[in-house]
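These notes are about the structure you will find just below.
The first residue of the sequence shown is numbered 1, and numbering continues consecutively from there. Bear in mind the structure is a predicted one, so any value in this text is a computation, not a measurement.
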Amino acid sequence: MFQKIAFKLILVVSITSISIIGIYSYFNIKSQSEVLLSEVERHANQLSETVKNSTRYDMLLNQRERIQEIINTIGQDKAISSVRIMNKEGIIIYSTNGNDIGELLDKNAESCYVCHAKDQPIERLEIKDRTRIFKPFPDSSRIMGIINPIYNEKSCWESECHAHPEEATVLGVLDVSFQLDKVDAQIEENKLRELLFALISITAIGLVIGFFVKRWLDKPIKELLKATDQIAVGNFNYTIPTKRNDELGRLGTSFNKMTKKLEDMKQQIFQSDKMASLGQLAAGVAHEINNPLTGVLTYSSFLLKRTKDNPEMQEDLNVIVRETMRSREIIKGLLDFARQSAPKKNKTDIHEVIERANKVVTNQLKIKQITLTSNFGENLPQIVADANQIQQVILNLLLNAIDAIEKKDGKIIVSTSEISLSPKGITHIKEAVCNKNHSLLDADYKLEGSPSIRLKVKANGTEGFINLDPIYGRHKHYFGLSINKKSTIDLKCPQCNITLIDKINSCPECGGPIYRIPIPKMGFLEGCASFNDEWQRWDAVDHDGNKKFIEIKIEDNGCGIPSENLNKIFDPFFSTKGQKGNGLGLSVIWGIVDNHDGTIIVKSEVGVGTTFIIRLPEQ
């Protein structure tokens, strides 16, 4: 506990509070004591002047008994300790205590010290110097004494008794002493009250500080410690709830962003490891299989020369030679996929490619009693493509269709056609950045195999994320929060928070704001930011007009693909076949089609069947 920041902070604040309140209490008590004593001193001085004025007339007449009677009457007050009058020689001539009359005071005593400090009487004494506080005995209460000099006046030396010469200055001293027991009791009561106030204040401050430190500091720190422990054991999905906007709240937000990036890096490293393993596997397969394939190719070529007179055997041997060479190309294609190699494109007849793929699966079709129907379009132009890679695409899709059909009346239909399409709905957005060149593509959330465009969205004070469809003109967006027609929308880059809203132009259909996303080397993608309509514009693509494609459809009446898996089937190593598949087939297909600037679309319904649609540009 002593090592906790919260405890140290509370301790420092408590010590500071004790020091401040202690110093304040000390000076407050001292000030109150001085005020009380000052008030007593003022009353004592007033009483002293009253006594002196009351006895003045009797002193002029030298009526000693009346003077003593007045002093005795005043001395009956319990607050007054004594009243004495001394002559200039220091002899007590009047006193409330009869035993003191006639006594000679010591000039070093409290009542004489101030005036006779330098062995010379002070003729004039300030009022503040007339007061003294002392204890007659160590265990007695304090007493305040005030001396009041009786100065020689004209009426004194002109009186009938003529007791004092004209040149005399001080005729005597009136000394009045007061008990300070009630004042001291009041001071002690003030001390206790101040001490109680200090204790209550310190306790209250400590409790309040402790409550808010625990709420604002201790609890968030515990959350951070818990989060770091979770990260330490590899749980990168743990997030800190961030409902605060202070420094610790922003620290929690930054921590969540860091864990998200760590998770992304972990996935990237894992993906890199898988791809590295794939590269090693491909290299090993190429090394181990190429040699026997070379032997097969050599002997089959030799047999072709020896069987010129046997056309039936020649046809079978041609299939062996062709498929052996294709096997070598498949291995090379696997290496190309792992190394992201570009295809070797040439003018290709798509029908010949499909026919070669069909012949390879003839035996599998017969075994499972599946009917394969080809519906080829007439007079289709050649396309520029890598024939071996496209054949690999067709063959893999056929094999997947065969595996998906479990009933006896299975059907596979392969059809081709030439189509002309608007760039909307088919053009794949492969790059998207903000104005600071941060990538907006989100590989963690894919739409039909393609990384989506992730944007931070703020609508009516609520923040969230939206994933835009990466196919231009298609609007299968994913919204992370609710947006209605009346929402005030702001779209930002998730990394730098720079706005992507066009502050000049507006949507031509609804009049609302539009987003403007830079596409490197291809202008800007624009669209309705309020999502009230499906308006979108990409001038660089729209300028080229419609494009012609060769469309290949492969339909089956197999088991179908669950809707929750449609966005995952093109991911590397994702498989619905369990131990039967390695999850590379469709990812290889997607990579080949993408490298040919084409698109691949899948439509599937569980229990009905699946249709793969491949569109390859003619040029």
Side-chain angles (χ1 to χ4, degrees), residues 264 268 340 342-343 420-458 465-480 483 489-510 512-549 567 570 590-601 615-619:
D264 292 343
Q268 291 174 7
Q340 299 296 315
S420 177
L421 297 174
S422 166
K424 287 189 175 182
I426 61 170
T427 305
H428 181 205
I429 304 169
K430 298 182 179 181
E431 290 185 275
V433 298
C434 71
N435 291 326
K436 291 188 177 180
N437 209 35
H438 294 132
S439 177
L440 301 176
L441 294 184
D442 183 8
D444 291 336
Y445 189 86
K446 294 182 178 180
L447 290 169
E448 296 189 4
S450 301
S452 59
I453 301 172
R454 183 175 176 86
L455 303 177
K456 180 184 284 187
V457 58
K458 185 175 183 180
F465 292 92
I466 179 175
N467 291 79
L468 298 183
D469 194 327
I471 301 300
Y472 170 52
R474 195 175 67 178
H475 298 277
K476 295 182 179 180
H477 310 310
Y478 170 77
F479 295 91
I483 297 176
I489 304 294
D490 187 16
L491 298 177
K492 299 179 179 180
C493 170
Q495 298 186 51
C496 65
N497 280 329
I498 189 171
T499 184
L500 297 168
I501 298 295
D502 189 338
K503 297 181 179 180
I504 300 176
N505 301 309
S506 57
C507 177
E509 294 189 10
C510 69
I514 65 172
Y515 57 80
R516 185 177 170 86
I517 300 174
I519 308 297
K521 300 180 181 180
M522 295 189 68
F524 294 88
L525 174 67
E526 299 172 306
C528 180
S530 60
F531 302 99
N532 294 329
D533 51 68
E534 295 186 349
W535 179 81
Q536 232 180 13
R537 181 172 64 196
W538 189 0
D539 288 338
V541 173
D542 293 337
H543 181 267
D544 295 334
N546 291 358
K547 292 185 178 180
K548 291 185 177 182
F549 294 85
N567 285 335
F570 295 107
W590 191 90
I592 291 173
V593 173
D594 186 62
N595 285 335
H596 282 78
D597 297 322
T599 60
I600 180 169
I601 302 171
R615 291 167 180 162
L616 299 173
E618 292 184 359
Q619 295 180 352

I want to check something: taking the side chain as every heavy atom from C-beta on, are Phe549 and Thr599 in contact at a cut-off of under 4.5 Å?
no
Would you say the side chain of His438 lies within less than 4.5 Å of the side chain of Ile498, judging by non-hydrogen atoms?
no
Picking from Arg474, His477, Lys476, what satisfies side-chain hydrogen bond (donor to acceptor under 3.5 Å, both in side chains) with Asp469?
Arg474
Closest contact, heavy atoms only, Leu500 versus Cys493
CD1-N, 4.2 Å
Check for a donor-acceptor pair, side chain of His475 on one end and backbone N or O of Glu534 on the other, with a separation under 3.5 Å.
yes
Might you confirm whether atom CZ of Phe465 has over 12 heavy atoms from other residues, nucleotides or ligands at distances under 6.0 Å?
yes
Which atom names give the shortest non-hydrogen contact between Ser452 and Leu468, and what distance separates them?
CB-O, 3.4 Å
Would Phe524 and Asp539 count as a side-chain contact (heavy atoms from CB on, under 4.5 Å) if you check the C-alpha gap in whole Å, the side-chain angles of each, and the deciding distance to 0.1 Å?
CA-CA 7 Å; Phe524 294 88; Asp539 288 338; over 6 Å; no
Between Asp597 and Lys430, is a side-chain contact (heavy atoms from CB on, under 4.5 Å) present by the stated rule, with each step listed?
CA-CA 10 Å; Asp597 297 322; Lys430 298 182 179 181; 3.8 Å; yes
Would you give the length of the straight line joining atom NE2 of His428 to atom CD1 of Ile600, rounded to the nearest 0.5 angstrom?
12.5 Å
Minimum side-chain heavy-atom gap Asn532-Glu509 below 4.5 Å:
no
For His596 and Ile592, work out which heavy atoms get closest and say how close.
ND1-O, 2.8 Å
Going by side chain to side chain contact (heavy atoms under 4.5 Å, CB included), name the residues that satisfy it together with Thr427, two or more places apart in sequence or in a different chain.
Pro423, Tyr472, Trp538, Val541
Show me the side-chain donor-acceptor pairs of residues 513-522 shorter than 3.5 Å, one per line, residues at least two apart or across chains.
from   : atom 1 : to     : atom 2 : distance (Å)
Tyr515 : OH     : Gln536 : NE2    : 3.0
Arg516 : NH1    : Glu526 : OE2    : 2.9

Using a 4.5 Å cut-off on heavy atoms from C-beta on, say whether the side chain of Cys510 contacts that of Cys528.
yes
Specify the closest pair of heavy atoms between Leu441 and Pro451, including all atoms of both residues, with the distance to one decimal.
CD2-O, 4.2 Å
Enumerate the salt bridge (Lys or Arg N to Asp or Glu O under 4.0 Å) contacts for residues 495-506, please, sequence neighbours excluded, ordered by first and then second residue.
none
Verify the neighbour count for atom NZ of Lys458: are there more than 12 heavy atoms of other residues, nucleotides or ligands below 6.0 Å?
no
Pairwise distance CD(Glu618) to NZ(Lys547) - rounded to 0.5 angstrom
12.0 Å
Do you know which two heavy atoms are closest between Asn435 and Thr499, and how far apart they sit?
ND2-O, 4.2 Å
Could you give the distance from CG (Asn467) to CD1 (Ile453), rounded to the nearest 0.5 Å?
9.5 Å
Grab the two heavy atoms, one from Leu440 and one from Pro494, that are nearest each other, plus how far apart they are.
CD2-CD, 3.9 Å
To the nearest 0.5 Å, atom OG of Ser530 lies from atom CG of Leu491 at 9.5 Å
